[in-house]
Amino acid sequence: MKFIRQPATVPPIPPPKGVAPYGKLKNAAFAPDAGFNGSPMASHLFDQMWLKKAQAALGNERGLAMVAADMRHEARIKGFLAWVRVIHSIGKAQGKTYGIGVLSARVIQQFQTALPAEQIGSPVVSFRGHLIAGQKATRHEAAGNAITDVKDYRKIIEEFGKPDYELWDVRNRHLLHVYDMGNEQAMKLSIEMNKDGAEVVSAFYVPMISVESAIKNVDYVPIE
């Protein structure tokens, strides 16, 4: 199913009610702070707080793994898709974000090696509404490479951390998640790290051959 942009006069679609953003974490001696767990539409800032509590209770790597798995919970996936639909329906980003996953320990280490310490923020990865509707989204629509299929947005959050290619963009010092979509086409997410945390800065379709060429030329390097 593809999204169809409606006129700007269409009123916003109300978000789903009363769905917690996370599944239950087994044996976890912590819980969301009051007031934060009523909606799957919570911003990535809540996810950052939740991760800190998980790491304090469970340790760094186990906390990362548990929260990463929880962010792939069906309630979170449905919340993300509902959020995308709202933005598409009104054609405005509204300045909001959604947490789509957590960076692995090896990717965090890659950023720590490549960037100054003061640029290393939270490993929670945010997806901003302007990638769905706004100037950047409009440019990709005009170029014919914008992400428009709901199943591909689902893949972004459901398969976060498990792309077909996990690459390091040497020139831009970005993490790349590349998904082989078949028919010689790929979906590429570029993830930047800054002091406020990890953020998807672009998401669009590219020819698979362009990714393979960049790997061959060592512009993109697989993260081991």
Side-chain angles (χ1 to χ4, degrees), residues 1-16 40-41 43-44 71-72 76-101 103 124-169 171-194 197-215 219-220:
M1 183 182 79
K2 293 189 176 182
F3 295 107
I4 299 175
R5 181 67 55 78
Q6 299 295 328
T9 55
V10 175
I13 299 171
M41 312 287 277
S43 82
H44 73 288
M71 290 179 74
R72 291 192 294 270
R76 283 301 298 255
I77 294 171
K78 288 181 177 178
F80 177 65
L81 296 180
W83 178 70
V84 171
R85 288 188 182 102
V86 168
I87 293 174
H88 268 281
S89 72
I90 63 177
K92 293 183 180 180
Q94 298 181 308
K96 296 183 179 179
T97 65
Y98 202 101
I100 61 168
L103 300 178
V124 170
V125 181
S126 67
F127 196 97
R128 294 189 178 274
H130 71 247
L131 297 175
I132 303 165
Q135 290 184 353
K136 182 172 285 190
T138 300
R139 287 199 301 270
H140 286 300
E141 287 175 1
N145 59 11
I147 299 172
T148 58
D149 199 314
V150 66
K151 76 178 190 305
D152 295 341
Y153 276 106
R154 184 180 182 93
K155 181 184 283 287
I156 286 172
I157 186 167
E158 187 173 38
E159 299 182 23
F160 187 87
K162 300 183 290 182
D164 295 300
Y165 297 87
E166 189 169 52
L167 306 169
W168 180 251
D169 181 335
R171 183 170 66 88
N172 295 307
R173 295 187 293 181
H174 288 170
L175 168 69
L176 302 178
H177 278 187
V178 178
Y179 300 88
D180 188 343
M181 308 303 287
N183 297 319
E184 301 182 348
Q185 187 179 57
M187 180 170 63
K188 184 178 75 171
L189 273 63
S190 182
I191 301 169
E192 176 186 80
M193 174 62 79
N194 57 60
E199 175 184 345
V200 178
V201 293
S202 66
F204 55 95
Y205 301 119
V206 296
M208 194 68 210
I209 193 171
S210 69
V211 176
E212 294 169 346
S213 177
I215 294 172
D219 295 322
Y220 299 165

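Source: prediction; values computed, not measured.
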Chemist: So Lys188 and Tyr205, side chain to side chain contact (heavy atoms under 4.5 Å, CB included) or not? Walk me through it.
Modeler: CA-CA 6 Å; Lys188 184 178 75 171; Tyr205 301 119; over 6 Å; no
Chemist: Tell me, do Met187 and Phe204 make a side-chain contact under 4.5 Å, heavy atoms counted?
Modeler: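 In short, these two side chains do not touch, never coming nearer than 4.5 Å.
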Chemist: Give the minimum heavy-atom separation between Leu81 and Arg154, together with the two atoms involved.
Modeler: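 Closest heavy-atom pair between Leu81 and Arg154: CD2-N, 3.7 Å.
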Chemist: Which atoms form the tightest heavy-atom contact between Ala146 and Ala137, and what is the distance?
Modeler: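 Taking Ala146 first and Ala137 second, the nearest heavy atoms are CB-O, 4.4 Å.
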Chemist: How far apart are the closest heavy atoms of Ile157 and Arg76, and which atoms are they?
Modeler: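 Ile157 and Arg76 have their closest heavy atoms at CD1-O, 3.9 Å.
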Chemist: Taking the side chain as every heavy atom from C-beta outward, state whether Ile147 and Ile156 have any pair of such atoms under 4.5 Å apart.
Modeler: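 Side-chain contact under 4.5 Å: yes.
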Chemist: Step by step, work out the side chain to side chain contact (heavy atoms under 4.5 Å, CB included) result for Val211 and Leu167.
Modeler: CA-CA 10 Å; Val211 176; Leu167 306 169; 4.0 Å; yes
Chemist: Once rounded to the nearest 0.5 Å, what's the spacing between atom OG1 of Thr148 and atom NE2 of His88?
Modeler: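 If I round to the nearest 0.5 Å, the distance is 7.5 Å.
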Chemist: With the side chain counted from C-beta on, respond yes when Val178 and Pro163 share a heavy-atom pair under 4.5 Å apart, and no when they do not.
Modeler: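 When only atoms from C-beta onward are counted, Pro163 and Val178 do not touch, as no gap falls below 4.5 Å.
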Chemist: Got Glu184 and Ile209 here, is their nearest side-chain heavy-atom distance under 4.5 Å?
Modeler: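 They are not in side-chain contact.
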Chemist: Can you find a pair of side-chain heavy atoms, one from Glu192 and one from His174, that are under 4.5 Å apart?
Modeler: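 A side-chain contact exists here, since the closest heavy-atom pair is under 4.5 Å.
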Chemist: Please report the interatomic distance CE(Met208) to CD(Gln185), rounded to the nearest 0.5 Å.
Modeler: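 Going from the CE atom of Met208 to the CD atom of Gln185 covers 11.0 Å.
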Chemist: Are the ring centres of Phe80 and Phe127 closer than 6.0 Å?
Modeler: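 Centroid separation for Phe80 and Phe127: below 6.0 Å.
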Chemist: Is the shortest side-chain heavy-atom distance between Arg85 and Val150 below 4.5 Å?
Modeler: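 A side-chain contact exists here, since the closest heavy-atom pair is under 4.5 Å.
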Chemist: Which heavy atom of Ile87 sits nearest a heavy atom of Lys92, and at what distance?
Modeler: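 Answer, listing the atom of Ile87 first, then Lys92: CG2-O, 3.5 Å.
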Chemist: Supply the atom-to-atom distance Tyr220 OH to Glu166 CD, rounded to the nearest 0.5 angstrom.
Modeler: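 One gets 14.5 Å once the value is rounded to the nearest 0.5 Å.
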Chemist: Any idea which heavy atoms bring Ile132 and Trp83 closest together, and the distance?
Modeler: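 Shortest heavy-atom contact: CD1-CZ3, 3.6 Å.
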Chemist: Tell me whether Lys96 at atom NZ has more than 12 heavy atoms from other residues, nucleotides or ligands lying less than 6.0 Å away.
Modeler: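 12 or below, so no.
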Chemist: Do Phe160 and Ile191 come within less than 4.5 Å of each other through their side chains, counting heavy atoms only?
Modeler: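 SC-SC contact between Phe160 and Ile191 confirmed.
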Chemist: Roughly how far apart are Leu131 CG and Glu199 CD, rounded to 0.5 Å?
Modeler: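 Rounded to the nearest 0.5 Å, the CG-CD separation comes to 7.5 Å.
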Chemist: What is the minimum heavy-atom distance between Met71 and Ile100, and which atoms define it?
Modeler: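 So the minimum-distance heavy-atom pair works out to CE-N, 3.9 Å.
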Chemist: Using side-chain heavy atoms (C-beta onward) and a distance below 4.5 Å, is Val125 in contact with Leu175?
Modeler: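 Side chain of Val125 against side chain of Leu175, heavy atoms only: no contact under 4.5 Å found.
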